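Take a look at the structure below.
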There are 2 protein chains.
Amino acid sequence: MADRKEIIVDPDFKEAEQFLRKNIMKRKFIIGIVDCEIRYEGRSSSKLTRGERLFILKPDGAFIVHRRTGYEPVNWQPSGSFASVINKGDHLLLKVVRPRPSEVLEVKIYSIKFIAAFELHDTGVFSMIGDEKDMQEAIKLEPSLVENGLKIIELERKTKPGFIDVLAVDKNGRLVVIELKKNRADEQAVIQLKKYVDSLKREIGGEIRGILVAPGLTRRAQRMLATLKLEFHPLSVEKCLNVLREKKGLVKFLPS
Amino acid sequence: MADRKEIIVDPDFKEAEQFLRKNIMKRKFIIGIVDCEIRYEGRSSSKLTRGERLFILKPDGAFIVHRRTGYEPVNWQPSGSFASVINKGDHLLLKVVRPRPSEVLEVKIYSIKFIAAFELHDTGVFSMIGDEKDMQEAIKLEPSLVENGLKIIELERKTKPGFIDVLAVDKNGRLVVIELKKNRADEQAVIQLKKYVDSLKREIGGEIRGILVAPGLTRRAQRMLATLKLEFHPLSVEKCLNVLREKKGLVKFLPS
DNA sequence: GAGTGGATTTCGCAT
DNA sequence: ATGCGAAGTCCACTC
């Protein structure tokens with residue numbers, strides 16, 4: 001049940017100031033719809049002239065301002081920031097400061113439609129499947145997803161330029177460096193793969209294959225791959241998930 | 001003034017269903033604090049077990065769910081998505097669908113602390129300074145920020161691999177490719193610069209200098225820069241902004 | 001629609 | 001702290 005005291009409608013500055021101060025101190029999850037003007041100064045600087053927006057101030061100091069449309073917040077401050085409120089008479093100044101890097105966000109509030117503060121009980125567990133890690137896992141369990149006769153040697157093999165997603169040996173005993181991409185692979189992915197192959201060649205020597213494993217390639221990636229004598233094997237994250245389901249039940253979660 | 005009808009507290013599913021349907025249709029800015037469970041299916045899949053969260057449903061179809069902490073939303077759907085509500089008896093199902101790529105977000109709502117819907121009048125103007133474009137602008141107005149005797153030829157010069165931030169000639173008449181980074185430049189930036197220099201060499205021929213202009217370099221970027229015989233000139237975005245302020249007043253906005 | 005690069009990217013992980 | 005790569009990245013802009 002929502003407590004009446006949690007929500008206040010059309011407060012004046014004095015009332016709002018007290019409400020905000022109290023609930024910032026109590027580390028509540030605070031939201032409000034306000035007519036405001038916003039200034040940001042930090043890694044960049046921005047200014048937003050007056051209009052109505054939603055703000056969110058979280059118990060961990062995260063602060064987010066949303067406009068009428070769009071996925072992204074127009075202004076924000078990440079977790080670890082500190083909020084304070086001052087009644088300036090003609091407006092309420094909500095200041096959110098991030099210590100390092102030093103950044104300041106100032107919200108000049110001219111009127112308040114409503115503000116609310118909640119406890120927000122949330123012990124829920126978030127789980128996600130279908131990322132690059134899952135492809136890696138699937139290939140480890142079923143290397144033929146990439147190539148028959150492949151044997152996995154190591155995941156996340158460390159090299160000078162970085163970590164190799166999958167290191168394997170093919171049926172002819174040649175080392176195979178595998179670079180995974182969940183989405184269509186671009187030139188960057190090819191360059192990455194090339195770096196790993198070269199590094200391993202310097203380290204170990206001999207002929208080393210490089211295979212880019214992804215659902216597809218951009219044209220430039222295609223060209224560069226050919227130029228650098230690297231290979232490509234198509235593989236989608238969906239197929240990997242199927243394998244995971246077969247092989248280990250994939251108890252992470254099931255469709256509800 | 002906030003209209004009483006804009007906010008409803010502790011509604012039952014029937015009341016909430018009607019409220020949401022009506023306000024989705026009227027393209028209002030809708031928010032709510034709900035006890036819910038969330039399932040996402042699309043480019044990946046995710047599941048979030050029960051707990052209290054804030055949701056935002058915007059007039060353009062953007063949908064955002066925030067947990068108690070953190071800057072980022074736990075689940076979302078971008079602008080252009082479509083929301084619908086069904087009363088399932090034991091829960092309210094809020095379904096937000098994105099057509100392309102095909103993605104579905106399902107919020108099973110078990111209880112509602114409050115929901116609200118607003119018009120959100122916002123004609124404010126957002127302006128930002130201090131991005132890479134501003135560095136470009138400043139160097140165009142004051143090339144000595146990079147090097148004395150430099151003359152700017154072209155911004156965003158098109159080459160095969162992409163656009164060169166700044167193309168210039170030095171005092172000895174040699175072409176200079178400038179790659180800008182607002183933050184400390186990494187290996188990627190060096191590779192980018194190298195590509196542009198090489199492409200221009202193939203296209204035009206002759207000796208061509210490449211200068212990475214950024215506030216700093218990562219160690220790997222440093223090494224690679226030396227290997228590839230490219231140059232570095234330190235420059236911060238702040239210094240660029242000072243030049244812009246001097247040279248053209250920078251009327252974008254002033255500190256309040 | 002695909003492709004490329006920037007972002008106050010954020011976030012996680014390892015050095 | 002720095003560095004490096006992933007992200008359901010999103011977004012703008014070009015071809």
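Owing to the predicted nature of the structure, the values given are computational and were not obtained by experimental measurement. By convention in this document, chain letters (A, B, ...) are assigned in the order of the sequence lines, proteins followed by strands, and residues within each chain are numbered from 1. Hydrogens, waters and symmetry mates play no part in the numbers below; they use all other heavy atoms, side chains included.
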Is_stacked (B/Tyr71, C/dT10) at 5.5 Å, 30 deg: no
Please check the phosphate of C/dG5 (OP1 and OP2 only) for any side-chain N or O of B/Lys181 closer than 4.0 Å. no
For B/Glu156, report the nucleic acid contact type (base, sugar-phosphate, nothing); a contact means any heavy atom under 4.0 Å. nothing
Just checking B/Gln77: base, sugar-phosphate only, or nothing, at a heavy-atom cut-off of under 4.0 Å? base
Looking for any heavy atom pair under 4.0 Å, which part of the strands does A/Pro73 touch: base, sugar-phosphate only, or nothing? nothing
Nearest to the B/Lys158 side chain among C/dG6, C/dG3, D/dC15, which nucleotide is it? D/dC15
With rounding to the closest Å, how many angstrom separate the P atoms on C/dG5 and D/dG8? 22 Å
Donor-acceptor contact present, side-chain B/Thr227 to main-chain B/Arg223, <3.5 Å: yes
With the side chain defined as heavy atoms from C-beta on, A/Thr218 is closest, among D/dG8, C/dT8, C/dT4, to C/dT4
Name the nucleic acid region contacted by B/Glu103, choosing base, sugar-phosphate or nothing; use a 4.0 angstrom heavy-atom cut-off, strictly under. base
For A/Tyr196 and for A/Phe126, locate the closest nucleotide of DNA chain D by heavy-atom distance; then report the residue assigned to the nucleotide nearer the 5' terminus. A/Tyr196
Report yes if a side-chain nitrogen or oxygen of B/Asn183 is closer than 4.0 Å to either non-bridging phosphate oxygen (OP1 or OP2) of C/dT8; otherwise report no. no
Side-chain N or O of B/Arg43 less than 4.0 angstrom from OP1 or OP2 on D/dT9? yes
Can you check the distance between C/dT4 and C/dT8, where both ends of the measurement are the P atom (answer in whole Å)? 23 Å
Ignoring hydrogens and angles, tell me if any N or O in the side chain of B/Arg27 forms a donor-acceptor pair with the backbone of B/Pro59 under 3.5 Å. yes
B/Gln188 or A/Arg100: which one's nearest nucleotide on DNA chain D is closer to the 5' end? A/Arg100
Nearest to side-chain heavy atoms of A/Glu72, which nucleotide of D/dC11, C/dT4, D/dA6: D/dC11
Answer with base, sugar-phosphate or nothing: what part of the nucleic acid does B/Pro101 contact at a heavy-atom distance below 4.0 Å? nothing
Look at all strands and tell whether B/Lys182 reaches a base, only sugar-phosphate, or nothing, counting heavy atoms closer than 4.0 Å. sugar-phosphate
